[in-house]
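Chain A is the first sequence line, chain B the second, and so forth, proteins listed ahead of strands; every chain is numbered from 1.
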Amino acid sequence: MKKLTTFLTGTAAAIAMTAGAAQAERGSDGHLNILYWQAVSILNPFLSGGTKDVEGSSLVIEPLAKFNEKGEMVPALVDEIPTVENGGVAEDLKSITWVISEGLMWSDGTPVTAEDVKFTAEYCMAEDGGCQQVANFTDVESVEAVDERTVKVNFSIPKPYPYGPFVGAQSPIIQKAQFADCVGARAPECTEANFGPIGTGPFVVTRFAANDVIELEANPNYRDAAKPAFATVTLKGGGDAASAARAVMETGEFDYAWNLQVEPEILAQMEAAGRGELISSFGTSVERINLNMTDPSPDKGDDRSTVEAGPHPFLSDPAVRRALSIALDRELIVEAGYGETGRPTCNILPAPEAYASKNVDWCLTQDIEEANRLLDEAGWMPGGDGIREKDGVRLSILYSTSTNSVRQATQALVKDMWQQIGVESELRNVDAAVFFGGDPASPDTFQKFYADVLMYTNNFDGTDPEKYMAEWLCDDAPKPQNGWLGANIPRFCSEEYDALVKKMGETAPLEERQALAIQMNDILTNEGAHLPLVHRGDVSAKSTTLNGVLMNSWDSELWNAADWTRAE
Amino acid sequence: MTDQVSMAPEKVIPPAPGSPVAAEPRKQRTLTADVWRQFRQHKGGVIGAIVFLTIIFLVVFGPSIHGIDPSALNVRERNAGISFAHPMGTDNLGRDTFAQILAGGRTSLSVGVTAMMLSLLLGTTIGVMAGYFKKLEGPLMRLTDLFLALPLLPLLLVIIMLFRDTLRRSFGPETGIFMLIVFVIGITSWMQTARIVRGAVLSVKEQEFVLAAKSIGTRERRVITRHILPNVLSPIMVSATLGIATAIITESALSFLGLGFPSDYPTWGRLLFDGVNFMQINPSRVIWPGLAISLTVLSVNYIGDGIRDALDPRIRGR
Amino acid sequence: MFHYTLRRLMFAVPTLFVISFIIFALLDLAPNDPTGNLPLTIPPEVREQIRMSLGLGEPFHIRYLKWLQQFFIAEPLNFIQQAFGIEIGNSAERVRIRSWATRSPVVDLIVERLPQTLWVVGMSYVVGILIALPVGIISAYRQYSWFDQIGTFVSMVGFSVPTFFTGVVLIVVFSVYLGWFPSIYDTTHRVTDWDSFWVQVRQMVLPVMVLALYNAAQLSRFVRASMLDNLNQDYVRTARAKGMKEKVVLLVHVLRNSLIPVVTVIALGIPTIFSGAIITEQIFRVNGLGQLLIIAIQGADIPLVQTLTFIFAVLIILCNLIADILYGILDPRIRYD
């Protein structure tokens with residue numbers, strides 16, 4: 001009998017061996033070191049929407065469904081994604097029903113129930129809570145727990161895309177038992193819960209030092225008994241991107257470094273050391289130059305850069321806008337500042353694949369002659385110093401952006417290219433916390449747009465562009481009346497465009513939505529609301545000994561940390 | 001930002017045996033001529049002066065000799081090493097490093113020297129006032145405490161927000177920002193000097209020669225300029241030397257924050273800052289600006305030594 | 001002297017109130033915003049709600065008074081409670097100063113950061129002093145000798161080359177090429193035995209070197225200048241004339257008198273240990289108080305910046321007072337009254 005047992009165990013071991021490394025035991029690969037050069041401040045993404053905080057928390061708490069590296073929705077805490085076809089989404093598009101997987105446990109060993117999901121929605125939608133992810137719950141009327149495992153989200157209007165709540169790292173599920181006393185104005189007071197949420201993710205927080213370091217260990221109740229492969233994790237923060245890349249690729253002290261926007265030659269030289277490699281993926285980020293359609297002249301006083309100030313003295317001329325665009329050598333900008341992680345683009349909506357327009361490519365090739373011809377034709381003639389002017393208006397541009405070495409290099413290149421068509425530019429860079437800060441008292445915010453052109457990157461979460469395309473509505477232009485809180489930074493205004501936005505909100509079939517989005521994208525580029533420059537990828541670095549990393553631009557980069565393993 | 005580990009030294013210059021300028025005017029010699037003769041005999045001071053003048057000569061006339069526009073881009077020739085066309089190589093956008101160093105020197109030197117002067121003037125005036133007049137000491141030293149305690153970064157953000165556009169409109173982008181930067185560096189770096197000078201004055205003013213000068217009815221202004229100031233010169237010289245270095249580096253920190261000159265406007269501090277990440281690819285991007293700053297500071301230091309020694313009657317007599 | 005100290009202390013209270021008000025006003029006026037570093041995908045209306053939930057909707061004077069109340073009443077009470085384990089009043093109702101970015105009590109954050117700041121910045125200060133004193137003394141005694149020239153050169157270069165440069169140079173040389181020292185400081189490391197002490201020493205080497213060079217460069221200039229001034233004094237000549245040994249003249253008479261200002265210089269530098277070394281902490285990821293402050297400033301975390309800078313202000317005023325008193329004690333020529 002004893003012999004038989006030995007034999008059986010032996011066979012089992014042999015089978016396990018042949019099944020390969022994927023069947024590794026939980027915690028068998030030791031320690032994992034992750035470096036985020038922006039340190040994580042808090043592990044509750046509802047109280048801080050910063051990318052670093054959302055991604056850090058994704059190791060611990062999870063949404064019902066995630067996006068994979070291709071931008072497809074994949075189940076996380078459920079068995080299948082609800083759709084109209086499988087009956088999960090109501091015919092009238094006014095509700096969606098999720099069914100939590102059976103036997104799913106929190107890391108403290110209690111079961112995950114529909115009540116937790118319902119509570120999460122209440123937590124975020126509570127008054128005075130200052131929930132930073134509340135936009136994901138737009139139009140949610142109520143969330144009801146149908147039974148232990150079934151939860152139904154009711155919308156006040158038909159939602160063609162009902163996957164706002166509980167999908168993606170921005171909208172994870174938190175435990176009701178832990179956060180029950182932390183709703184609304186009390187949310188900030190639960191420091192312990194905010195620093196160490198109980199979750200369903202692969203890891204559990206053991207120590208949290210805000211803005212510095214997090215120590216985690218494998219979740220003993222993780223839904224896959226063989227995962228995660230790492231027993232412990234350190235998530236260190238601080239420093240800058242270049243030194244983070246160095247710590248992974250040159251000194252090998254860390255296994256993974258996040259968000260390395262550094263000049264491509266520096267990264268290439270570090271990669272040559274051979275200890276690590278760069279990984280990148282493309283999401284929806286586009287570096288663009290916004291053209292101010294209104295007059296930013298200081299003489300306009302309080303009306304400066306609003307519709308009341310009147311049209312811009314020269315950017316309102318379509319010929320000028322087009323000339324500025326085709327004068328740019330986007331290939332060169334990519335080569336100098338982005339390398340493998342950027343592509344020249346004429347689209348403001350470059351992805352997902354089905355939404356990306358293939359119609360506009362006139363701006364991809366630089367054509368100085370054509371640009372000069374356009375300006376000549378429009379009557380902008382070079383003055384004594386070579387700068388074009390018409391009726392006393394000089395083509396002199398104040399070109400502002402946030403501080404970042406790649407952006408300053410791009411500014412220098414663009415200035416040089418515009419110089420060639422007789423347009424002069426004065427460069428300005430503003431600290432990012434001020435530029436994106438939105439303080440109504442500051443003249444330097446991107447909403448105020450007290451400049452002729454502005455350069456920055458924007459993108460959208462998830463894969464549905466409806467909210468993003470609605471940013472160019474006439475009414476959404478920042479102005480004093482709305483506290484400068486608008487998303488339509490270029491103050492673009494077109495009735496045709498507004499109508500399309502409205503139509504998209506009412507259209508459900510996917511193909512029609514895609515066609516609408518492409519049509520809107522083409523209008524924006526052809527009208528010259530902005531000059532799209534580069535479709536930017538995300539770039540990170542991983543150690544050569546780290547396996548299983550799937551770089552993801554649609555969700556947290558750490559979305560599949562449970563599958564990461566250490567190569568021999 | 002530059003590291004904030006700096007000292008706020010208080011320094012006593014023990015007394016000179018008799019006022020330095022109380023020297024009787026023998027043989028029609030003026031003080032200036034006397035100092036100048038002495039300075040010429042100070043080897044370090046002379047070499048320092050020569051190096052400093054050479055640097056000034058280079059940055060003033062260099063651009064017309066070298067003849068390459070520092071902002072001219074040539075992406076195909078980026079990160080190039082030393083060549084005949086580019087004696088110091090090029091940066092990652094193909095701009096000529098030598099031309100940038102020359103152009104950057106104009107800005108860095110003028111910012112460094114002007115800001116240092118302003119800070120020295122403020123610091124010395126406040127320090128002397130606080131040390132000499134007992135009534136002013138309390139308020140002036142509390143003011144110094146206040147400035148030491150102010151968080152620099154928010155202060156800069158506020159100053160820039162309030163004054164940048166006005167200055168830009170009145171003096172144009174470059175002069176306006178130059179004035180702003182000199183002002184900002186000056187008013188945030190005078191405190192150390194003030195404390196040092198005050199300490200020295202406190203000690204010197206109790207000396208016999210000062211009492212003697214007062215007792216024969218010398219006016220206070222004359223007591224300060226003729227008897228006190230020359231005796232607290234040594235720490236002022238140290239502050240001046242360190243002040244130039246601090247000003248050049250602070251300027252680069254400012255422009256990194258977007259509070260300084262536009263990004264295509266080279267300065268030594270900025271060139272060094274931008275070059276740091278390229279150190280392994282192209283060492284010349286950090287060596288040259290680093291050397292330029294160090295040489296300037298060294299030469300100013302030796303000039304300071306020379307002037308101090310030349311003004312010291314105990315040495316001058318030797 | 002006692003009266004002087006008392007008067008200064010009484011003067012310090014209103015000064016600190018004025019300083020706290022000016023800092024608060026400055027931070028309020030500064031154009032950076034707590035929502036500035038959030039992704040652009042968070043819409044403007046939500047940003048406005050976030051601002052309101054942080055209390056930014058209230059008028060300036062209310063926010064200032066609240067902070068005063070929290071800093072001077074709530075936090076000290078809380079500290080006493082924790083230190084002595086007693087309950088004073090209703091502690092659950094007491095509102096502590098909370099950082100906006102981390103939502104945790106500011107005082108806890110500061111306490112958490114103190115060890116690494118004291119280890120690294122404090123140690124570099126000590127090392128800097130230990131280097132600067134002998135270098136300054138010898139440089140002055142052998143003025144214009146080779147030692148002095150090299151000392152001057154090294155300290156001037158050390159001072160004029162900023163730490164953002166020296167830090168990276170040291171990392172490239174000692175971490176990348178030689179692999180001797182780690183480039184990243186591990187704040188979770190605990191010293192329990194000789195081995196872990198050695199690990200701690202290794203990870204401190206690079207940041208301490210960078211800062212010590214900078215500190216020593218500056219301090220040695222002041223030591224040298226002060227020594228030079230004393231070496232030419234009459235009393236030195238008298239001492240030598242009396243037939244004293246050169247060593248005694250130098251180390252007892254001259255050094256003692258020259259150190260009077262240097263000791264005050266060192267005392268005045270103490271607040272800067274606590275405010276940390278922002279750049280060096282960032283480069284080596286020491287994540288001490290300097291890094292806490294700069295992140296808070298960048299993120300417009302007003303409660304954190306206000307509390308930190310105010311604590312620094314208290315330290316600065318106290319150290320300036322101590323320096324002045326020391327000065328008066330050490331140099332009998334100075335009279336304050």
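- For the atom pair CZ of C:R47 and CD of A:Q447, the computed distance is 7.0 Å after rounding to the nearest 0.5 Å.
- Of the atoms belonging to A:E253, it is side-chain heavy atoms, and not backbone ones, that fall under 4.5 Å from chain C.
- Annotation: C:F79, atom CZ; neighbour count of heavy atoms from other residues, nucleotides and ligands within 6.0 Å does not exceed 12.
- Around CG of C:D193, the count of heavy atoms belonging to other residues, nucleotides or ligands within 6.0 Å exceeds 12.
- In this structure, C:T102 OG1 and A:L47 CG are separated by 10.5 Å, a value rounded to the nearest 0.5 Å.
- When A:A39, A:A432, A:G237 are compared by the number of non-hydrogen pairs under 4.5 Å with chain C, A:G237 comes out ahead.
- Atom CG of C:L38 sits about 11.5 Å away from atom CZ of A:F436, to the nearest 0.5 Å.
- Between A:R246 and C:S175, the side chains place no donor N or O within less than 3.5 Å of an acceptor N or O (distance only, hydrogens not considered).
- Atoms NZ and CG, on A:K236 and C:N287 in that order, are 4.5 Å from each other to the nearest 0.5 Å.
- Using a 4.5 Å cut-off between heavy atoms, A:C131 contacts chain C through its backbone alone, with no side-chain atom that close.
- C:S183 has its side chain out of reach of A:E250: every pair of non-hydrogen atoms, C-beta onward, lies at least 4.5 Å apart.
- Looking at A:E215, the atoms closer than 4.5 Å to chain C (heavy atoms on both sides) all sit in the side chain, from C-beta outward.
- With respect to chain A, the highest number of heavy-atom pairs below 4.5 Å among C:D186, C:I283, C:T188 belongs to C:T188.
- For A:E192, the CD atom is loosely surrounded, since the number of other residues' heavy atoms within 6.0 Å does not exceed 12.
- For C:A30, the part lying near chain A is the backbone, with the side chain staying farther off; criterion is any non-hydrogen pair under 4.5 Å.
- At a 4.5 Å heavy-atom cutoff, the contact between A:A244 and chain C is made by backbone and side-chain atoms alike.
- Remark: the backbone N or O of A:I42 is not paired with any side-chain donor or acceptor of C:R103 at under 3.5 angstrom.
- Closest approach of A:F208 to C:E112, counting heavy atoms only: O-OE2, 3.9 Å.
- Note that CD1 of C:I295 is 9.0 Å distant from CG of A:D212, once rounded to the nearest 0.5 Å.
- Among C:T187, C:L54, C:T35, C:I42, the residue making the largest number of heavy-atom pairs under 4.5 Å with chain A is C:T187.
- Shown here for A:S41 and C:A101, the closest heavy-atom pair between the two residues is CB-O, 3.6 Å.
- Interface residue A:L35: only side-chain heavy atoms are found under 4.5 Å from chain C.
- Of the two parts of C:I297, neither the backbone nor the side chain holds a non-hydrogen atom closer than 4.5 Å to a non-hydrogen atom of chain A.
- Using a 4.5 Å cut-off between heavy atoms, A:F435 does not touch chain C at all.
- Contacts between C:R51 and chain A at a heavy-atom distance below 4.5 Å involve the side chain alone, from C-beta outward.
- For CZ of C:F197, the number of neighbouring non-hydrogen atoms (other residues, nucleotides, ligands) closer than 6.0 Å is 12 at most.
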Q: Might you work through the side chain to side chain contact (heavy atoms under 4.5 Å, CB included) test for A:N211 and C:R113, ending with a clear yes or no?
A: CA-CA 10 Å; A:N211 286 343; C:R113 297 295 181 113; 3.3 Å; yes
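- Proximity to chain C (any heavy atom under 4.5 Å) is shown, for A:Y468, by neither the backbone nor the side chain.
- For C:F174, no part sits under 4.5 Å from any heavy atom of chain A, backbone or side chain.
- Across A:F254 and C:I184, no two heavy atoms sit closer than the pair CE1-CD1, 3.4 Å.
- Here CH2 of A:W484 is found 14.5 Å from CD of C:E48. Values are rounded to the nearest 0.5 Å.
- Contact of the C:R98 side chain with the A:E189 side chain is registered, since non-hydrogen atoms from C-beta on lie closer than 4.5 Å.
- Put simply, the side chain of A:T191 reaches to within 4.5 Å of the side chain of C:P105, judged on heavy atoms.
- Between chain C and the residues A:A209, A:G130, A:G238, the most heavy-atom pairs under 4.5 angstrom are made by A:G238.
- Neither the backbone nor the side chain of A:T234 has a heavy atom closer than 4.5 Å to any heavy atom of chain C.
- The residue among A:S48, A:P188, A:S442 with the most heavy atom pairs within less than 4.5 Å of chain C is A:P188.
- Contacts of C:P43 with chain A are made by side-chain atoms alone, with heavy-atom separations under 4.5 Å and no backbone atom involved.
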